[in-house]
Number of protein chains: 2
Amino acid sequence: MARSTTQPTARRADARRNIEAILDAAAISLSRDAEASIAEIAQAAGVGRVTLYGHFSSRAELIDAVVARAIQEGDAALDALDLSGDARGALVRLIERSWLALVQIGSLVTAAESALSPERMHELHERPASRVERLVQRGQAEGVFRTDLPTSWLVGTLHRVMHGAAAEIESGRLAHDDAASVIAATVLAAYTPPGVAVPPADTWARS
Amino acid sequence: MARSTTQPTARRADARRNIEAILDAAAISLSRDAEASIAEIAQAAGVGRVTLYGHFSSRAELIDAVVARAIQEGDAALDALDLSGDARGALVRLIERSWLALVQIGSLVTAAESALSPERMHELHERPASRVERLVQRGQAEGVFRTDLPTSWLVGTLHRVMHGAAAEIESGRLAHDDAASVIAATVLAAYTPPGVAVPPADTWARS
């Protein structure tokens with residue numbers, strides 16, 4: 001009887017360890033090379049391909065799990081951020097911290113964009129997007145962000161400008177160190193109500 | 001001797017007709033459904049799959065050819081546009097006409113984004129992008145567009161905001177008829193120099 005209760009538990013613990021090892025290996029491999037293969041990831045995780053496929057039935061499913069975890073971790077870091085005060089300053093702080101999270105996952109972004117559907121990407125970004133949404137709504141209510149465009153559009157614009165910066169860096173058209181301030185300057189201007197002066201880019205920048 | 005000179009010519013004419021039929025069918029199929037299969041496209045073109053693969057060795061290669069042709073056609077339409085006068089007004093006209101071209105190709109955009117690499121997409125957009133680039137440079141020289149961000153970044157921002165609008169429409173978050181003015185309002189603001197008031201969105205709008 002001891003056997004039948006211990007073994008499944010041990011198997012579950014094994015499985016959990018394997019899944020963690022696979023997710024860790026995939027996160028590292030895909031952050032360095034968006035086209036890292038299942039074989040490479042399995043090898044880095046120290047498991048066989050059969051074991052890997054036992055947990056993730058396709059490359060897309062694995063990427064999905066890695067991205068979900070990366071977003072969750074990035075989101076936890078953003079929870080610690082002080083977003084009080086002028087909404088424009090809070091936006092710049094949120095951009096700087098989000099950009100850091102995006103840099104850490106490297107080419108995983110590219111892997112995600114080619115393996116996951118736009119709808120799934122949207123779903124995975126729901127929590128971080130809702131934080132941006134609350135901030136945009138607050139800025140709109142306080143009159144510092146424009147209200148002539150839908151909140152969802154302004155939120156999406158931040159997301160796209162940020163991912164655009166990653167693509168520009170990858171193709172050598174944007175310097176890594178300039179990215180956060182370029183993103184902030186662009187989004188701050190895009191959010192400015194018509195008739196109001198665009199705030200100087202470095203008013204709220206930390207650096 | 002007549003046979004050996006006529007037949008290759010006839011075969012070449014046949015091949016050209018088949019290629020045109022395949023490109024036309026692919027353009028229509030993919031503009032309606034980004035996931036249209038090779039089998040569906042071959043059927044719509046009235047050729048066999050073997051014939052299709054004889055001309056395009058993969059789905060990506062076919063999509064590449066369709067996108068290249070669509071961009072070329074859109075680009076020809078933009079050549080007719082008057083981009084003189086205030087660079088901000090010219091930008092709005094360019095956005096309105098480019099958006100029309102983008103709407104016409106429908107979900108082909110989605111197909112292109114999932115089948116072609118970011119680098120290839122960049123390459124295909126070189127001519128239309130250089131038109132935007134000249135306009136942005138002129139606006140920067142005339143002081144109506146910001147110079148604190150690189151020209152290439154401003155050009156890329158227009159491209160991404162426009163493609164973002166297509167994605168927002170597809171997922172039901174943006175109304176079709178609002179898109180051109182939302183894009184124009186966003187890009188005009190993003191291009192405004194710090195310290196200068198964002199122009200009211202409808203100053204230069206046609207509609």
Side-chain angles (χ1 to χ4, degrees), chain A residues 34-35 107 109-110 113-119 121-123 145-146 148-175 178-179 181-203, chain B residues 34-35 107 109-110 113-119 121-123 145-146 148-175 178-179 181-203:
Chain A
E35 292 171 10
S107 62
V109 178
T110 317
E113 280 168 354
S114 64
L116 308 181
S117 72
E119 267 324 291
M121 286 292 270
H122 192 256
E123 209 175 283
F145 294 156
R146 66 198 305 166
D148 63 327
L149 300 181
T151 306
S152 64
W153 170 260
L154 296 179
V155 173
T157 298
L158 167 57
H159 181 83
R160 276 184 289 274
V161 168
M162 199 168 278
H163 281 256
E168 293 285 300
I169 288 173
E170 213 172 318
S171 56
R173 284 187 296 272
L174 181 66
D178 296 343
S181 65
V182 164
I183 297 165
T186 306
V187 175
L188 269 182
Y191 283 13
T192 301
V196 173
V198 169
D202 50 7
T203 309
Chain B
E35 291 171 10
S107 63
V109 177
T110 316
E113 279 168 354
S114 64
L116 309 180
S117 71
E119 267 324 291
M121 286 292 270
H122 192 256
E123 209 175 284
F145 295 156
R146 66 198 306 166
D148 62 327
L149 300 181
T151 306
S152 64
W153 170 260
L154 296 179
V155 173
T157 298
L158 167 57
H159 182 83
R160 276 184 289 275
V161 167
M162 199 169 279
H163 281 255
E168 294 284 300
I169 288 173
E170 212 172 318
S171 56
R173 284 187 296 272
L174 182 66
D178 295 342
S181 65
V182 165
I183 297 164
T186 306
V187 175
L188 269 181
Y191 283 12
T192 301
V196 173
V198 168
D202 50 7
T203 310

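Labels below follow one simple rule: chain letters A, B, ... track the order of the sequence lines, proteins then strands, and each chain is numbered from 1.
Annotation: the span from A:E113 atom CD to B:E113 atom CD amounts to 9.0 Å, rounded to 0.5 Å. Remark: A:L149 CG to B:S181 OG distance equals 8.0 Å, nearest 0.5 Å.
Of all the heavy atoms in B:E119 and A:S171, the pair that sits closest is OE2-CB, 3.1 Å. For the pair A:P194 and B:P199, the tightest heavy-atom approach, listed with the atom from each and the gap, is CB-O, 4.0 Å. Nearest approach of B:P193 to A:V198, heavy atoms of both residues: O-CB, 3.9 Å.
Interface remark: B:T157 contributes side-chain atoms only to the contact with chain A (heavy atom separation under 4.5 Å). Interface remark: A:A115 contributes no atoms to any contact with chain B (heavy atom separation under 4.5 Å). For chain A, the nearby part of B:H122 is the side chain; its heavy atoms alone come within less than 4.5 Å.
Residue with the most contacts toward chain A among B:V187, B:T192, B:V182: B:V182 (heavy-atom pairs, distance under 4.5 Å). By number of non-hydrogen pairs under 4.5 angstrom with chain B, the leading residue of A:T110, A:L174, A:T186 is A:T186. Contact count against chain B (heavy-atom pairs under 4.5 Å) is highest for A:G195 among A:S117, A:G195, A:G156. Of the residues considered (B:P150, B:A167, B:A165), B:A165 shows the highest number of contacts with chain A, using heavy-atom pairs under 4.5 Å.
Looking only at distances, no side-chain donor or acceptor of B:R146 sits under 3.5 Å from a matching main-chain atom of A:A189.
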